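Just so it is clear, the structure is predicted and the values come from calculations on it, not from any experiment.
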Amino acid sequence: MDPVIWSKLPQELLEHILCFLPLKTFLSLRSTCKHFNSLVFSPTFITKHSSGSGSGSGSGLCSFLLLSHQQFYSHFPLYDTIIGSWRDLALPFSLFPPFGSSQFNLISSSNGLLCFALPSCCSFLVCNMLAKSSRVIELPFFPFSFELLTLVSTPKWYKIFTLCTKFSSNQAFVYDSVVHSWTEHDGYQPLLFENFHQEGAFYDGSLCFTTPEPFSVVCFDLGTGKWGNLNVEMPGELTFVRLVSGVSDRKKLYMLGGIGRNGISRSMRLWELKEGKKWEEMERLPELMCRKFVSVCYHNYEHVYCFWHRGMICVCCHTWPEILYYKVERRSWHWLPKCPWLPDKWSCGFRWFSFVPQLHALA
C-alpha cells in the first residue's frame with residue numbers, strides 16, 4: 001500500500017477495486033475523502049457495483065422485513081431474513097423536507113426505495129435510505145384522497161400508481177420518475193377498494209388487482225394507462241383472493257385464496273398462473289396453520305394482504321403482529337414470530353413491507 005504507487009493507480013481501476021468491497025465497508029470509506037463520497041451518486045460506479053460484483057453487490061448483502069406501526073415514531077423494526085435477527089432502522093430526518101418530518105406514513109416499498117405520505121406537505125416522499133437520496137413529489141391536487149397506492153421501481157426508473165377516490169369514476173394517476181410528472185387515466189369500479197391494504201401485483205408490465213365476488217383479476221397497463229381483464233377461470237368456492245408477483249421475475253404471478261362457503265374459509269391454497277392461461281394449484285396451508293390464521297383475522301379478510309420478499313410469499317393481517325410466509329423453493333410454510341419490542345396491548349395497525357437495501361435504486 002505504498003502511497004506513491006496507490007496515487008498513480010488509474011481512476012477506472014480504483015473504482016473497479018472498490019466495487020468488490022462489501023457495501024457496508026464501502027459506505028464507511030465515504031467519510032475519508034470527497035471522491036469516495038461522490039462515487040455513491042456516480043452512474044458508472046453504481047452500474048459496476050450492482051451488476052455482479054459478488055459480495056459487494058447491494059442486492060445480496062441484506063434483506064429485511066420492515067414493520068410499520070403508528071406507535072413507532074421515526075424508526076422501524078427490521079427482521080433480517082438472512083441471519084434471523086431483529087434490528088432497528090432510524091429515519092434520517094435530513095431526507096425529509098423541513099416541515100414534513102413531523103408527520104409521515106410509510107405506504108409502499110420497492111427494490112430498496114421507500115415511499116412515504118407527508119400529509120402536512122401535501123406530497124409523497126420517495127427515498128433510498130442507503131444512498132441517502134430522496135425526492136419530494138407534490139400531489140396532483142389538494143385534497144387528494146388515494147387508494148391502492150403501489151410503488152414499482154427498476155434500476156432506471158420508478159412509477160407510483162394510485163386511484164383517487166375524489167371522483168365518482170375513481171380516476172387513476174401515475175407518477176413517472178423519468179419525466180417527473182403525473183398523468184391521469186380512467187379509473188375502475190370502486191369495488192376494488194374492499195382490498196384495503198393490498199397493493200397491485202406487477203406482472204408483465206401491468207398492475208393486477210382482484211375484485212370481490214364474483215372474483216376476477218383486472219389489470220392496469222403502466223405503459224398505456226389502459227385497463228383490461230385477465231381472462232382466466234378462477235377456482236371455485238373462493239372466500240377471498242390476493243395476488244403476489246415475484247419482484248425478480250415479472251413473468252410469475254401467484255394467487256393466495258381461501259376455500260369455503262358463506263364467507264368462512266375452511267382451507268387456504270396457493271396457485272401459480274401457468275402460461276397466462278390457467279391457475280395451477282401449488283400448495284395447501286397445513287390445517288393447524290390455517291386454523292390459526294383464520295382465527296387471527298376473524299374471517300375479516302379485508303385486513304389480509306400479501307407481498308413478495310426474496311423468494312417468500314408473505315401473508316399478513318392488519319390486526320396481527322405475526323407473518324405467515326411460504327418459501328417457494330423449499331415448498332414450506334412458516335410463521336415469523338412477533339417482534340420482541342411490541343407491547344402486548346397493540347392489537348391493530350401492523351403494516352409489513354419488503355425492504356432490500358440497494359445502492360443503485362435512485363430516488
Legend entry - Centroid-centroid distance, Phe146 to Phe124, less than 6.0 Å: yes
Legend entry - Sub-6.0 Å ring centroid separation between Phe64 and Tyr79: no
For [X], enumerate each residue passing the side-chain hydrogen bond (donor to acceptor under 3.5 Å, both in side chains) test, keeping only those at least two apart in sequence or located in another chain.
{"X": "Thr224", "value": "none"}
{"X": "Thr183", "value": "His185"}
{"X": "Ser123", "value": "none"}
{"X": "Thr239", "value": "Ser265"}

Return the set of residues passing salt bridge (Lys or Arg N to Asp or Glu O under 4.0 Å) with [X] (not counting sequence neighbours), or none when no residue passes.
{"X": "Lys278", "value": "none"}
{"X": "Arg266", "value": "none"}
{"X": "Arg331", "value": "Glu283"}
{"X": "Lys327", "value": "none"}

Inset, instruction - Sequence neighbours left out, what pairs pass salt bridge (charged side-chain N to carboxylate O under 4.0 Å, His left out) with at least one residue falling in residues 288-301? - result: Glu287-Arg291, Lys292-Glu322
Inset, instruction - Starting from the C-alpha separation in whole Å, work towards a yes-or-no answer on side chain to side chain donor-acceptor pair (under 3.5 Å) for Thr162 and Glu147. - result: CA-CA 6 Å; Thr162 184; Glu147 298 285 351; over 6 Å; no
Legend entry - Pairs flagged by ring pair (Phe, Tyr, Trp, His ring centres under 6.0 Å) wherever residues 253-293 is involved - sequence neighbours left out: Tyr254-Trp308
Legend entry - Listed once per pair and sorted, the ring pair (Phe, Tyr, Trp, His ring centres under 6.0 Å) pairs that draw on residues 224-246, sequence neighbours left out: Tyr188-Trp227, Phe220-Trp227, Phe240-Tyr301
Legend entry - Passing candidate, side chain to side chain donor-acceptor pair (under 3.5 Å) with Ser216, options Thr211, Asn229, Asn231: Thr211
Hey, can you pull the donor-acceptor pairs under 3.5 Å for the side chains in residues 82-94, sequence neighbours left out?
residue: Arg87; atom: NH2; partner: Asp80; partner atom: OD2; Å: 3.3
residue: Asp88; atom: OD1; partner: His75; partner atom: ND1; Å: 2.7

